[in-house]
Amino acid sequence: MAFDIEMIKAVYEKYPSRIAAARKAVGKPLTLTEKILYAHLTQGEATQVFKRGADYVDFNPDRVAMQDATAQMALLQFMQAGRDKVAVPSTVHCDHLIQAEVGAAADLNKAKDKNREVYEFLSSVSNKYGIGFWKPGAGIIHQVVLENYAFPGGMMIGTDSHTPNAGGLGMIAIGVGGADACDVMAGLPWELKFPKLIGVKLTGKLSGWTSAKDVILKVAGILTVKGGTGYIVEYFGEGAKSLSATGKGTICNMGAEIGATTSIFGYDEKSEAYLRGTDRSDVADMANAIREHLTGDAEVYDNPEKYFDQVIEINLSELEPHINGPFTPDLAWPLSKFAAAVKENGWPAKLEVGLIGSCTNSSYEDISRAASLAKQAVDKKLVAKSEFTITPGSEQVRYTVERDGFLDVFGKMGGVVLANACGPCIGQWARHGAEKQEKNSIITSFNRNFAKRADGNPNTHAFVASPEIVTALAIAGDLTFNPMTDTLTNEDGQQVKLDEPRGLELPSKGFAVEDAGYQAPAEDGSKVEVIVDPKSERLQLLEPFKAWEGVDLKGLKLLIKAKGKCTTDHISMAGPWLRFRGHLDNISNNMLIGAVNAYNNETNKVKNQISGEYGEVPAVQRNYKQHGIGSIVVGDENYGEGSSREHAAMEPRFLGVRAILVKSFARIHETNLKKQGMLALTFANPADYDLIREDDSIDILGLTEFAPGKPLTVVLNHADGTKDEISVNHTYNEGQIEWFKAGSALNLIKASV
C-alpha cells in the first residue's frame, strides 16, 4: 500500500520556512505542538493567528482516517459534496463491526456474512472516490495507522476519539466527527479552537512491572476525565525518549479519556527505530533531515513553566503500576493500594475475565511482555483462574506474534485469540451470561470502562490496567492479587511468584505478514457504481437538513433533563446498534436511551407533554416531530464525553431536537452538534440547570441577532403560568453561525461546489 511519500515530502519541504516565520511572528521559542499547528495553518502569514488563546482557526490536515462504523455516515455525507475524488489521502478501516464471541476465525467469518452489504458499500465507495480500504480482519484503525501512515510532524483527523494514538510517532492526530472528515476530504480547511498546552515532563526510566500504560493511568488520575478539555498534551524529557514508539502511542491513545484535543511526543531514536522496523526507512531519512523541527525548542523544555499553561512532572523510575476504575477511566489506584480499595468498596474481588489488546495496547511489545507472563504460568504449573482473551491490533502484529510463538503460549495458558478488531472494547462482545446482569469484575488493557460499555451489564465492574497487570491478575483470578509482592499456589501445591515481565519493542526477526488486508482504490473511479438498496435496514441515503427559519425558536418542549454523566454511549449506544450506523432513521431509535432522567432517575422514560404519559425517549421525540413541535435537551457537565461518534449529534437533529443546553460540553461533541446545524448552548450560571421543570415550554430568543460572543436568552415557561429568563452562552464563530443558518455545514459545502 502507498505510504503517501510525495505528500510527506511536500510537508517537510515547507517545514523550515513555516516554522521560521512562526517563530518570528510569535517572538519566542516554540513547543512541538505549536510547530506542527503553525506549519499546517491555512493562514500561515497572518500574525494574529499566532496569538496564544486565539479563537477558532483553520488548518490543512495531511490525511483522513475513518473506522467502518463512523465511515458509513461520513461517506454518505461525502457523496453529497459533489467531488469526484477525495482531496487528501484517506483510508477506511473495518474494525468496529466484528463481534467477539467464539474466536478469531469464526467471529470474522460471521461478521463478513452479517455485515456484507456494509462492507460492500464501504469498499465500493472507497474505490470510487480514491480512498484506501482496509478489509475486515486487517486490524484496528489506530494500530494500522501507526504501522503505515503516521509520520512525525504530520496532521491527521480521524473519525474516532482515539485517533491521537498517532501522536506516539509525533503526529498531531485529532478525533473528529464525520462531517469534519467530509469537509477535509472535500478540500475545505478544518477548523479547531486554538488549544492551550499541558506539558508533561517525564524523567527517569520504566522498569519491572511498570509500563507506558501506567503513565497515562497516572495522568488520568491527576487531570480527571475533563481536565484535558481544550488542551493538547505534549510529553517531553529524558523519560519520554526512553519509551518505545508504541508505548508512546498507548499514552496518546488514552489521552482521549482526559478530554484532551490530542497528545504528542517528539521525534527521537525510538521513533526512527519504529519507522525503519515498519518498512518506512525513507520516511525516517526525511524526518532526520529536519529533526530539529520535529521536537520542541530546547529553551521550552528547559523552562517549561514559561511556555505551557500547565506542567506535570512524573518520574518513571518511581512510577508504580496503576489500575483505574471501576466505571470511569480516571479513578486511579496505585497497585499497592488497589487491594485495599477493592475490599473497602465492596467490589467483586473474584476476577471473571481478563482481556488484553485493543487499539490502546496491542503492539508487539505489549503482547510479548504479556506472553512472558503466560509462559511463566505454564512453566510454573499455574492454571489461569479467569477467562483470558487476546485481541491483536493488526494482521501484521498477529501474524508476527504467531510466528514468534506467543499465541501458542497464550493457548497453553487457556487464552482465546479474538479477531483483529475492536471487539469487547467497544461493546462488540457477545459475553455469555451478561444478560443475567450479575455483579462481577473484569479487567482490561483497553481505554474506556463506562458502565455497560463492554458487555451491556450495568453491574460489570470494569477496571483498566496494562496488559502485564491484566495477564497477572487473570492468572490469579483475584483482583486483590499484587504480582509484585504476592505468591500463588500451583498445581503441585507450591507457592510460586511471578517474575517481572519481559518483552521486545520490535521483533528481532522483523515484522511479517502474508496479506495485510489492504485494497487500493481504482485509478479512475468514474465508472464505479455505489449502490444503496432503498429497502436496506443498514444503509440509507441522506436528505439535507432544513435551513433555519430565520426566527427565534419558541414553544420548544423539554425532551429530557439528563442527570449526571451523559456520554456518547448514553446518547447513542454502540454494541448491537452498530449495525445501524449507516441508517440514520433506524439508529435514531437509540437516541438518549441511556441518559438518566433527572425527574425520575430512570433511563429511557420521559414525559410526553402532548399526552401527559411517559414513554421511551425516541418515541416521545418522534411524536413531537409528527406534530411539528421542536424540543430541547438539557444536560449536566462534560456532556458528550467519550467517542467521536457524530450519530449522537445527528440523531437529535434528525428527530427534531433544536438545541442542547448543558453545563459544559466535551469538545468533539460540541463541534459535531454545530456541524449538524444544532444549537449547542451552555448555562451562563450552571445553577440555572435547577430551574428547568419537567413540563416547561421553552423559548430561545436572540437568534435573529446571533453573533459571536453574544449570549442568547432562554425563557422557561412553567406549567403553573410562571416563567424564568436565563442567559445562555455559546462558542459559535461567524462561520459556525452560517452552518446553523444553512441547516448544516454540509449544506454550505454543497452550495460552494
Side-chain angles (χ1 to χ4, degrees), residues 100 102-107 207-211 213 246 321 323 335 349-358 361-393 397-420 423-424 441-446 463 465-509 511-512:
V102 179
D107 293 346
S207 63
W209 285 91
T210 311
S211 74
K213 182 64 165 278
T246 51
I323 299 176
L335 183 59
K350 181 185 177 184
L351 181 63
E352 299 292 341
V353 192
L355 306 98
I356 67 169
S358 87
N361 280 107
S362 56
S363 66
Y364 185 90
E365 180 181 26
D366 290 327
I367 292 178
S368 66
R369 282 174 63 86
S372 75
L373 295 171
K375 187 174 188 306
Q376 286 186 56
V378 174
D379 293 346
K380 296 182 179 184
K381 298 183 178 180
L382 290 168
V383 177
K385 299 294 194 301
S386 303
E387 292 182 38
F388 186 65
T389 69
I390 307 95
T391 304
V397 167
R398 188 212 64 79
Y399 188 94
T400 305
V401 297
E402 181 180 46
R403 178 202 67 188
D404 293 349
F406 299 145
L407 297 188
D408 183 56
V409 170
F410 287 132
K412 291 178 180 177
M413 175 186 147
V416 175
V417 179
L418 301 176
N420 313 322
S441 290
I442 65 173
I443 189 166
T444 79
S445 68
F446 305 162
F463 299 89
S466 68
E468 302 92 313
I469 295 298
V470 171
T471 304
L473 267 61
I475 293 169
D478 184 355
L479 281 182
T480 66
F481 173 68
N482 183 341
M484 296 179 69
T485 59
D486 300 345
T487 59
L488 295 169
T489 305
N490 71 4
E491 290 180 299
D492 296 335
Q494 301 171 324
Q495 293 297 304
V496 296
K497 192 170 182 292
L498 293 172
D499 300 324
E500 295 175 349
R502 297 182 180 278
L504 296 170
E505 293 180 7
L506 295 165
S508 57
K509 294 187 288 185
F511 284 105

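The basis for the numbers below is simple: all heavy atoms, side chains too, and nothing from hydrogens, waters or symmetry mates.
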Worksheet item: What do the steps show when you test Thr246 against Leu506 for side chain to side chain contact (heavy atoms under 4.5 Å, CB included), and what is the final call?
Response: CA-CA 9 Å; Thr246 51; Leu506 295 165; over 6 Å; no

Discussion item. Using side chain to side chain contact (heavy atoms under 4.5 Å, CB included), reason through Thr391 and Asn420 one step at a time and then give a plain yes or no.
Written reply: CA-CA 6 Å; Thr391 304; Asn420 313 322; over 6 Å; no

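- In terms of modelled atom types and a separation under 3.5 Å, the side chain of Lys385 and the main chain of Lys350 share no donor-acceptor contact.
- Although no hydrogens or angles enter the test, the distance criterion places no donor-acceptor pair under 3.5 Å between the side chain of Lys213 and the main chain of Glu468.
- Put simply, the side chain of Ser372 gets close to the backbone of Arg502: a donor and an acceptor are under 3.5 Å apart.
- At least one donor-acceptor pair under 3.5 Å links the side chain of Ser445 to the backbone N or O of Gly357.
- A salt bridge links Lys380 with Asp499: at least one charged nitrogen is closer than 4.0 Å to a carboxylate oxygen.
- A donor-acceptor contact under 3.5 angstrom links the side chains of Thr489 and Gln495, judged on distance only.
- Side chain of Ser368 to backbone of Leu504: a donor-acceptor contact under 3.5 angstrom is found.
- Of the charged side-chain nitrogens involved, at least one lies within less than 4.0 Å of a carboxylate oxygen, so that Arg398 and Glu402 count as a salt-bridged pair.
- For Glu387, there are no salt bridge (charged side-chain N to carboxylate O under 4.0 Å, His left out) partners at least two apart in sequence or on another chain.
- Side-chain N or O atoms of Asp107 include one that pairs as donor or acceptor with a backbone N or O of Val102 at under 3.5 Å.
- Ring geometry for Phe388 against Phe410 counts as tilted: the plane angle lies between 30° and 60°, on a 0 to 90° scale.
- Of the possible donor and acceptor atoms, none in the side chain of Asn482 sits under 3.5 Å from a partner among the backbone N and O of Asp486.
- Between the side chain of Thr400 and the backbone N or O of Ala512 there is at least one donor-acceptor pair closer than 3.5 Å.
- Annotation for Lys412: atom NZ does not count as buried by contact number, only 12 or fewer foreign heavy atoms lying within 6.0 Å.
- A distance below 6.0 Å separates the ring centres of Phe406 and Tyr364.
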